[in-house]
Amino acid sequence: MRQFVEVYTQPTTKGLRLYMRPLTSGIQLYTAQLDRTPIVVFIGAELGGGGVIEDISEMSVAVKGERYMRGVCTFKYAV
């Protein structure tokens, strides 16, 4: 019985594993787009925007109607 209680009383860590981790590859960006996972965009050290990815190209990522250059910005999970 103790093992059963431990399994079902542990807090979920799904969000904690992704929170503010950078999306470093194209596959991570495409997966976030398909899953509609909220992200934040940093331009240097400043927060540039956030939301759900709408479109991805070789050069940029569109979030909430704004295009952010992939080579300049850092994209991170917001959940």
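Just so it is clear, the values below take in all heavy atoms, side chains as well, and ignore hydrogens, waters and symmetry mates.
- The two residues Ser57 and Arg67 come nearest to each other via the heavy atoms OG-NH1, 4.3 Å.
- In plain terms, the two heavy atoms of Cys73 and Ile43 that are nearest each other are SG-CG1, 3.7 Å.
- Closest of all the heavy-atom pairs between Ile39 and Ala32 is CG2-CB, 4.4 Å.
- Between Phe75 and Met69, the shortest heavy-atom contact is CZ-O, 4.3 Å.
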Discussion item. Please evaluate residues Arg70 and Leu29 with respect to the criterion side-chain contact (heavy atoms from CB on, under 4.5 Å), reporting the C-alpha separation (whole Å), side-chain torsions for both, the decisive distance (0.1 Å), and the verdict.
Written reply: CA-CA 10 Å; Arg70 289 175 70 169; Leu29 289 169; 3.7 Å; yes
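- Clustering ILVMFWY residues whenever any of their side-chain heavy atoms sit less than 4.5 angstrom apart, transitively, puts Val52 in a cluster other than the one holding Val41.
- Here the CD1 atom belonging to Ile53 is positioned 6.0 Å from the CG atom belonging to Leu23, to the nearest 0.5 angstrom.
- Here the CD atom belonging to Glu54 is positioned 8.0 Å from the CZ atom belonging to Arg36, to the nearest 0.5 angstrom.
- Residues Val79 and Thr37 approach most closely at CG2-CG2, 3.7 Å, considering heavy atoms.
- In terms of hydrophobic clustering, with Ile, Leu, Val, Met, Phe, Trp and Tyr side chains grouped at heavy-atom distances under 4.5 Å, Val63 and Tyr30 are assigned to a common cluster.
- Leu34 and Leu18 fall into different hydrophobic clusters, defined by Ile, Leu, Val, Met, Phe, Trp and Tyr side-chain heavy atoms under 4.5 Å apart, directly or through other members.
- Closest approach of Lys76 and Pro22 over heavy atoms only: CG-CA, 3.9 Å.
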